[in-house]
Amino acid sequence: PPFWIGRDYNSLTGGFEVDFTKEMAKRLGLNQVKFVEMSFTGLVAGQQCPCDINFSQVTITEERDRVVDFTEPYFDANQGVLAKTGTKVTSVEDAKGLQWGAQLNTTGAQYLSDTIQPTKETRLYDRTVDAFAALNAGQIQAIMLDTPIVLGAVEEKQVRNAEVVGQFKTGESYGGVVNRGSKNLEAFNQVIKAIKEDGFRDQLFQKYFAEQAAVPVIAA
């Protein structure tokens, strides 16, 4: 949440990417959408997805673009700092001394390694929920992950006594992922452009992420 809301793929009630996908299908003249699971680590490594398109908050990077095909960007995101309530992070220097956690193979983990360079080794987790559990258990002090994702964790009470204390402005964008050589890519891009241009994407953003603008930007 708030990209996907529901207990599992068969009980989804909404979410930014769920609503976005359904709107795409509607404009493409498709009667229904079937949601299936795909490992994030496998996806960004270039493994074939059992799907036509994958929306998993995948930041477009040159490295990933070598093994998968991306659609037009559909979402802009920074790196958010999810930390125990009362934790002060107003600069890179503040961030260096924390015990960090991050999801494996994410740009958050890369940002910690390349830019923050913390004094303690970052603890990496296969899934976001594993990182949230580690924060709840006091095994780590903070998590670096895309701002909308950590805001969703707080909103959905996946973390306790924690808050999004700031965000680093990184200028990242998410793209839908399709298997290499997909014949659907051009059609997907046309629809995504239309959804952005006519304001439907902005309506979804206001519905699910209105609070993101209020998160303070940390000087890098």
Side-chain angles (χ1 to χ4, degrees), residues 1-22 35-44 54-59 74-89 94-95 98-112 116 118 120-168 170 172 174 204-218:
F3 285 95
W4 302 77
I5 299 172
R7 293 188 309 275
D8 53 42
Y9 287 94
N10 295 317
S11 61
L12 293 168
T13 59
F16 181 91
E17 289 177 335
V18 172
D19 293 353
F20 193 93
T21 303
K22 289 182 176 179
F35 295 104
V36 296
E37 188 171 8
M38 173 69 186
S39 160
F40 183 87
T41 302
L43 179 70
V44 297
N54 189 305
F55 289 100
S56 301
Q57 305 107 63
V58 184
T59 300
Y74 66 91
F75 195 95
D76 298 324
N78 293 321
Q79 288 301 319
V81 177
L82 176 64
K84 285 295 185 181
T85 302
T87 302
K88 178 185 175 183
V89 185
D94 288 339
L98 297 178
Q99 176 61 69
W100 285 93
Q103 186 182 11
L104 186 67
N105 291 336
T106 61
T107 51
Q110 193 70 42
Y111 191 79
L112 283 168
I116 304 300
K120 303 170 186 176
E121 185 176 357
T122 300
R123 295 178 180 172
L124 299 174
Y125 303 90
D126 287 334
R127 303 178 302 164
T128 56
V129 292
D130 297 329
F132 298 151
L135 185 66
N136 288 334
Q139 297 168 356
I140 54 177
Q141 294 174 283
I143 296 171
M144 185 76 75
L145 201 60
D146 298 359
T147 302
I149 298 176
V150 289
L151 283 171
V154 173
E155 179 70 21
E156 296 296 319
K157 296 180 173 56
Q158 293 177 286
V159 289
R160 301 186 300 272
N161 302 317
E163 60 184 334
V164 182
V165 299
Q167 59 182 328
F168 289 96
T170 56
E172 298 174 43
Y174 297 159
L204 290 183
F205 187 87
Q206 286 301 313
K207 178 179 179 179
Y208 290 110
F209 300 105
E211 71 276 24
Q212 182 171 325
V215 178
V217 174
I218 303 169

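On a predicted model such as this, the values are computed, not experimentally measured, just so you know.
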**side-chain contact (heavy atoms from CB on, under 4.5 Å) against T107, all qualifying residues, sequence neighbours excluded** = T59, T61, R64, Q79, D146, E172
**Item:** Heavy-atom side-chain contact between W4 and Q57 under 4.5 Å
**Value:** yes
**Prompt:** Taking the side chain from Q99 and the backbone from E121, do they hold a donor-acceptor pair closer than 3.5 Å?
**Reply:** yes
**Item:** Interatomic distance, Y125 atom OH to I143 atom CD1 [nearest 0.5 angstrom]
**Value:** 7.5 Å
**Under 3.5 Å: donor-acceptor pair, side chain of Y9, backbone of E37** = no
**Prompt:** Quick one: OH on Y111 to CG on L145, what's the gap to the nearest 0.5 Å?
**Reply:** 14.0 Å
**Asked** Atom NZ in K88, atom CG in L98: separation rounded to 0.5 Å?
**Response** 12.0 Å
**Complete:** All heavy atoms of A162 vs all of L135, minimum pair found to be CB-CD2, 4.0 Å
**Asked** For the atom pair CZ (F40) and CG (D126), what is the distance rounded to the nearest 0.5 Å?
**Response** 12.0 Å
**Asked** Crowded around E211 CD? As in, over 12 foreign heavy atoms under 6.0 Å?
**Response** yes
**Asked** Between K22 (side chain) and G14 (backbone), is there a donor-acceptor pair under 3.5 Å?
**Response** no
**Request:** Applying ring pair (Phe, Tyr, Trp, His ring centres under 6.0 Å) between F3 and each of F75, F55, F35, report the one that passes.
**Result:** F75
**Request:** For the residue pair L12 and I5, establish whether any side-chain heavy-atom pair is separated by less than 4.5 Å.
**Result:** no
**Request:** Ignoring hydrogens and angles, tell me if any N or O in the side chain of Q167 forms a donor-acceptor pair with the backbone of T147 under 3.5 Å.
**Result:** no
**Message:** Which heavy atom of G108 sits nearest to which heavy atom of M144, and what is that distance?
**Reply:** O-CG, 3.7 Å
**Prompt:** Do the two ring centres, one from F20 and one from Y74, sit under 6.0 Å apart?
**Reply:** yes
**OH on Y208 to CD on E155, rounded to 0.5 Å** = 12.0 Å
**Asked** Is the side chain of N78 donor-acceptor paired with the backbone N or O of T170 at a distance under 3.5 Å, no angle test?
**Response** yes
**Message:** Please check this pair: side chain of E163 against backbone of K84, looking for a donor-acceptor N/O pair closer than 3.5 Å.
**Reply:** no
**Request:** Give, for atom NZ of K120 and atom CZ of R123, the distance between the pair rounded to the nearest 0.5 Å.
**Result:** 9.0 Å
**Message:** Looking at every non-hydrogen atom in both residues, tell me the closest pair between G101 and L112 and how far apart they are.
**Reply:** O-CD1, 4.3 Å
**Prompt:** F205 and F16: ring-ring contact (aromatic ring centres under 6.0 Å, His included), yes or no, with the steps?
**Reply:** CA-CA 7 Å; F205 187 87; F16 181 91; 7.1 Å; no
**Complete:** When every non-hydrogen atom of V159 is compared with those of N136, the smallest separation belongs to CA-OD1, 3.3 Å
**Item:** Heavy-atom pair with the smallest gap, counting every atom of Q158 and V129
**Value:** NE2-CG1, 4.0 Å
**Complete:** Taken in chain and number order and not counting sequence neighbours, the residues that satisfy side-chain contact (heavy atoms from CB on, under 4.5 Å) with K207 are D19
**Request:** Given side-chain contact (heavy atoms from CB on, under 4.5 Å), test D76 with Y174 step by step and report yes or no.
**Result:** CA-CA 6 Å; D76 298 324; Y174 297 159; over 6 Å; no
**Fill in**
All heavy atoms of A95 vs all of W100, minimum pair found to be O-NE1, 2.8 Å
**Complete:** residues 4-15 vs salt bridge (charged side-chain N to carboxylate O under 4.0 Å, His left out), sequence neighbours excluded, gives none
